[in-house]
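Inspection log for the structure reproduced underneath, given as structure tokens.
Everything numeric here is computed off the predicted structure, so don't read it as measured data. Values reported hereafter were calculated over all heavy atoms of this structure, with side chains retained and with hydrogens, waters and symmetry mates removed. Protein chains get the first letters and strands the later ones, always in sequence-line order, with residue 1 at the start of each.
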Amino acid sequence: MSKSMKTKRTIGNAITYIVLIVISFVWLFPFVCLFLQSLRSYNEGGGGMVEYLLPKQFSLDSYAFLLSEESQFIRWYGNTLIIAAFVALFQTIVVLCVSYALSRMRFKGRTFLMKFWLILGMFPGFLTMICLYFLLKQFGLTQAGAIPGLILIAVASSGMGYYVIKGYFDTIPKALDEAARIDGASRARVFFTMIIPMSKPIIIYAALVAFMAPWCDYVFASYVAFGYSDSYNVAVAMQRWVWTNDYQGYFTRFCAGGMLIAVPVTILFICLQKYYVEGVTGGAVKG
Amino acid sequence: MGKDANSGNAGKKSKKNPVGKFFSGLGNDLKELGLTFTEGDWKTKVSYLIMGFGPLMRKQFVRGIAYLALEAVFIFYMASFGVHYLKDLGTLGTIARVLNDNGTYSYNDNSFLILLYSILTIIIICAFIFAWRMNIRENRNEEKLLAAGKALSSPKQDLYSLLDSHFDKTLLALPVLGIFLFTVLPIIFMICIAFTNYDQKHQPPTNLFSWVGLENFQNLFSFGEQGIGSTFFTVLSWTLIWAFFATFLTYFAGMGVAIMINKKGIKFKKLWRTILVMTIAVPQFVSLLYVYKMFANDGLINTYLMRWGWIESRIPFWSDPLLSKIVIIVVNLWIGIPYTMLITTGLLMNIPEDLYESARIDGASGFQMFRSITLPYMLFVTGPFLLTQFTGNLNNFNVIYLLTQGGPYSMELSNKAGYTDLLVTWLYKMTVNDTNYRMAAVLGIMIFAVTAVISLVVYGMLPSVKDEEGFQ
């Protein structure tokens, strides 16, 4: 009896291993392809799509092109990096402020504010695109000024995304605050010297999520920077390489650019994975 | 329009109490205003006209000057700017441009500016009334304090209170202002656009647009030659189908993967997890654009299937409506499973092990245990998460737009909608490609209505919400 259970378990585990290996293969396959294609020489198929996977002639042509004067890739990369860094910084600060106020303080209009923001969040973000564009234009933050403009837009409305951090603050016992306040500490002091240091994991989570978003921002970035290639971010620029058919030769370059973006971001992410998992799990349970 | 009205009714029903509260609050407010005036001294009475007069006379200089400055700025704003736009709100302008003698045009009324600044002005007026009310209350409080023989707070104390008892105001001031300027104002503006004829033919500054009432909504629900009713419902139904499959397939598949990784006796748990998490880390536009090319007619998948002789002709993944829908949902599994895997992993570990132990003794099979222990627990805990996932998927722009841009297209769908378009990608295309802002605004309101109705209905049904009090 116990022996048959054992064999049953072994078979079960074997099947699980097989499924996991298949899954890993499927999940990694596109990235392996991306990597291999990025190494294909420009002499084969002129950098376009080809009918095979393994390059016949390995070379770093595409990478060399991206890093050369000929392409603006470094500029686009820098743009995106700047946007991501500033958005991560400011957005985290804004969200921390809002979360503390909503979690710890009871003031008139608090529930109204929370309900109002919840309703606002149900409107699709793209609805207001033309109006935002116009507002940015008034401040001179489109085309040439698109980078600060994009940062402004991303940060301005970020207060509404307070759920995860507020949820985390709610789990910190209020008795701690009260004790410090009896000792004469002001709210601000409690916030800066107690709550923030205690919330390091969730702050890292918030900053990480904020940092990753601008790398994918295609929609608004392309609208605000329209026709002014100096202000493109990587998503906007490389999108054009893939979709415009005249740019056939850019396929391997797209792959190489993709690698240059994916590798650092992925490494950063894997390093901070622990915090990400914590934040995501906590946020999901509290809704 | 039907849906809109519905959501309005639903909102009203649940808000009956708040509405009543609001009016009784307003009544009390007016009573207090009158009381303050009759009972107040002459300084308070002058403050009804000249804001901050009372505090100034009571040597509260910082507060007094702040109120006075506020009033001065408001009057200046209204006179120099606000009134100018507000007076044209009814017509949104009458003359767009005038032909000068030298053959050039000079622009006159701009409907866009008139509408936007009118909304801004109305909101500023409301804010001013609020500030005026605060000014009255300030006077009353000061009088009370003085009558009781207490000292008024000094500027230093005021400043300190902003870091202590009024710290919320310091923290929320900028975020609320940001949300107001870049979310609230634009949303009100776009809701108004839904009732105008702002489109390609009515673009300021060369042309004016004007109010058209409910014409755009009629257009959305008319099924004739001109109307886009049938297209709207095609897109809407695909949006709902997509959100359903994208949410629940990823949820169950992700849970399955998590259970497999956490199974006893499986090694390298961290490795499996990290491999899956790669898809979250790699920016979607890289991975999705690459996957899009993989499934293309001349892409890798078709090429290899042909070479191995499994298919005769290339599979039109992106040009067949049904196939492209299926491919999108499958690719979304690839994107979504790691995410749900992460979330469910943590939760699965929270289920008490002895529950399984006793079930095993009773001779339950693995599937039975899943059905009667794991699933109910998970559904209970992740109910709100599933709801946010669902509404998020209704507006999942990236997956659709990076893969198909809404295509394949057909003559049967009007306004350049494609078979895989969600409402939100359609809205995007209307805004950017067609500059058909009037219909884009209507679509935006529809998306809001759909999201709001689903959220309200489902939220009330969630077990974890019902039992929340008991649970805590």
Which bit of [X] is near chain B, if near means a heavy-atom gap under 4.5 Å: side chain, backbone, both or neither?
{"X": "A:M129", "answer": "side chain"}
{"X": "A:F112", "answer": "neither"}
{"X": "A:Q91", "answer": "neither"}
{"X": "A:L20", "answer": "both"}

Is it true that atom [atom1] of [X] has more than 12 heavy atoms of other residues, nucleotides or ligands lying nearer than 6.0 Å?
{"X": "B:K269", "atom1": "NZ", "answer": "yes"}
{"X": "A:R189", "atom1": "CZ", "answer": "no"}
{"X": "B:F268", "atom1": "CZ", "answer": "no"}
{"X": "B:Y160", "atom1": "OH", "answer": "yes"}
{"X": "A:F107", "atom1": "CZ", "answer": "yes"}
{"X": "A:F35", "atom1": "CZ", "answer": "no"}

Contacting region of [X] [heavy-atom separation from chain A under 4.5 Å]:
{"X": "B:Q389", "answer": "neither"}
{"X": "B:L120", "answer": "neither"}
{"X": "B:K267", "answer": "both"}
{"X": "B:L276", "answer": "both"}
{"X": "B:Y401", "answer": "both"}
{"X": "B:T183", "answer": "both"}
{"X": "B:L162", "answer": "neither"}
{"X": "B:L342", "answer": "both"}
{"X": "B:M260", "answer": "both"}
{"X": "B:S165", "answer": "backbone"}

Any idea which heavy atoms bring [X] and [Y] closest together, and the distance?
{"X": "A:I130", "Y": "B:Y198", "value": "CD1-CE2, 3.9 Å"}
{"X": "B:A281", "Y": "A:M212", "value": "O-CE, 3.8 Å"}
{"X": "B:T431", "Y": "A:Y223", "value": "CG2-OH, 4.3 Å"}
{"X": "A:I261", "Y": "B:F285", "value": "CD1-CZ, 3.9 Å"}

I need the residue from [options] with the largest number of non-hydrogen atom pairs under 4.5 Å to chain A.
{"options": "B:R307, B:M430, B:Q284", "answer": "B:R307"}
{"options": "B:L113, B:L116, B:L172", "answer": "B:L172"}
{"options": "B:L181, B:I337, B:L271", "answer": "B:I337"}
{"options": "B:L177, B:I275, B:T451", "answer": "B:I275"}
{"options": "B:W272, B:F189, B:W334, B:F182", "answer": "B:W334"}
{"options": "B:V424, B:I280, B:L163", "answer": "B:L163"}

### Query
Is a salt bridge present between B:D164 and A:R181, judged by a nitrogen-to-oxygen distance below 4.0 Å?
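Salt bridge flag = yes for A:R181 with B:D164.
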Counting heavy-atom pairs closer than 4.5 Å to chain B, which one of [options] comes out on top?
{"options": "A:A185, A:C255, A:A235", "result": "A:A235"}
{"options": "A:V26, A:T16, A:L152", "result": "A:T16"}
{"options": "A:A101, A:A262, A:P124, A:C216", "result": "A:P124"}
{"options": "A:L268, A:L102, A:V219", "result": "A:V219"}

Nearest 0.5 Å, what's the [atom1]-[atom2] distance between [X] and [Y]?
{"X": "A:R187", "Y": "B:L171", "atom1": "CZ", "atom2": "CG", "value": "10.5 Å"}
{"X": "B:I191", "Y": "A:L127", "atom1": "CD1", "atom2": "CG", "value": "7.5 Å"}
{"X": "A:Q273", "Y": "B:T274", "atom1": "CD", "atom2": "OG1", "value": "4.5 Å"}
{"X": "A:L113", "Y": "B:I179", "atom1": "CG", "atom2": "CD1", "value": "7.5 Å"}
{"X": "A:Y218", "Y": "B:L288", "atom1": "OH", "atom2": "CG", "value": "14.0 Å"}
{"X": "B:Y290", "Y": "A:F31", "atom1": "OH", "atom2": "CZ", "value": "11.0 Å"}

#### Entry: Derivation and outcome, side chain to side chain contact (heavy atoms under 4.5 Å, CB included), residues B:D168 and A:R104
CA-CA 9 Å; B:D168 53 310; A:R104 280 304 196 268; over 6 Å; no
### Query
Under the side chain to side chain contact (heavy atoms under 4.5 Å, CB included) criterion, do B:F448 and A:I119 qualify, and how do the steps go?
CA-CA 9 Å; B:F448 167 74; A:I119 292 170; 3.8 Å; yes
### Task
Give the C-alpha distance, both sets of side-chain angles, the deciding distance and a yes or no for side chain to side chain contact (heavy atoms under 4.5 Å, CB included) between A:Y17 and B:I266.
CA-CA 7 Å; A:Y17 274 123; B:I266 296 292; 4.1 Å; yes
### Query
Where does the angle between the aromatic ring planes of B:F167 and A:Y100 fall among parallel (under 30°), tilted (30 to 60°) and perpendicular (over 60°)?
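The arrangement is perpendicular - the two ring planes meet at more than 60°.
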